[in-house]
Amino acid sequence: MKTYTFVCLAGNQVATAVDIQDLAEDAYRRHALSLLRDHASAETIEVWRDEAVIDLVERAGAFLGAPAAG
């Protein structure tokens, strides 16, 4: 487990929420996508580990719904 800090950013780059989670390395993107579903004001999620941004997960182009039955 690693500690990640998720910063929800509105379109004007103002932080609207911050969430800190201990997650497996392969789980942080899934958590970022869930934050986009839960926080309508967030356009981007900055994912931090230690002192650095390791990923940006943007609402534009992100699939936020359930997978289609096929």
Side-chain angles (χ1 to χ4, degrees):
M1 295 291 216
K2 295 184 179 185
T3 301
Y4 296 92
T5 302
F6 299 86
V7 180
C8 300
L9 297 174
N12 61 359
Q13 298 300 298
V14 171
T16 58
V18 175
D19 185 44
I20 300 171
Q21 295 287 324
D22 290 325
L23 300 168
E25 192 166 350
D26 63 347
Y28 80 83
R29 280 190 65 81
R30 186 170 44 250
H31 185 71
L33 290 171
S34 74
L35 290 172
L36 286 173
R37 279 191 299 274
D38 294 344
H39 296 277
S41 64
E43 291 296 320
T44 304
I45 307 295
E46 280 185 349
V47 183
W48 290 74
R49 189 170 63 218
D50 300 324
E51 304 291 321
V53 175
I54 62 163
D55 204 351
L56 293 173
V57 180
E58 297 182 353
R59 180 177 301 279
F63 178 73
L64 301 178

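Index from 1, following the sequence. All of these numbers come straight from a predicted model, not from anything done at the bench. Keep in mind that the numbers below use all heavy atoms, side chains included, and drop hydrogens, waters and symmetry copies.
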## Note on the structure
Test side-chain contact (heavy atoms from CB on, under 4.5 Å), reference Glu58, set Leu36, Thr44, Ile45, output is Thr44

### Task
Group every Ile, Leu, Val, Met, Phe, Trp and Tyr by side-chain heavy-atom contacts under 4.5 Å, then state whether Trp48 and Phe6 land in the same group.
no

### Message
I'd like to know if Val7 and Leu56 are part of one continuous hydrophobic network [Ile/Leu/Val/Met/Phe/Trp/Tyr, side-chain heavy atoms within less than 4.5 Å].
### Response
yes

### Message
Once side-chain hydrogen bond (donor to acceptor under 3.5 Å, both in side chains) is applied, do any residues pair with Glu43, and if so which ones, sequence neighbours excluded?
### Response
none

#### Entry: Which residues share a salt bridge (charged side-chain N to carboxylate O under 4.0 Å, His left out) with Asp38, sequence neighbours left out
none

### Query
With sequence neighbours left out, what residues match Arg49 under side-chain contact (heavy atoms from CB on, under 4.5 Å)?
Lys2, Tyr4, Glu25, Ile54

### Task
Quick one: do Arg30 and Leu23 satisfy side-chain contact (heavy atoms from CB on, under 4.5 Å)? Show the steps, please.
CA-CA 10 Å; Arg30 186 170 44 250; Leu23 300 168; over 6 Å; no

### Task
State the NE2-CZ distance between His39 and Arg59, to the nearest 0.5 angstrom.
10.0 Å

### Query
Hey, what do you get for OG1 (Thr16) to CG (Leu9), rounding to the nearest 0.5 Å?
7.0 Å

### Message
Tell me whether Arg29 contacts the main-chain N or O of Val57 through its side chain, where contact means a donor paired with an acceptor under 3.5 Å.
### Response
no

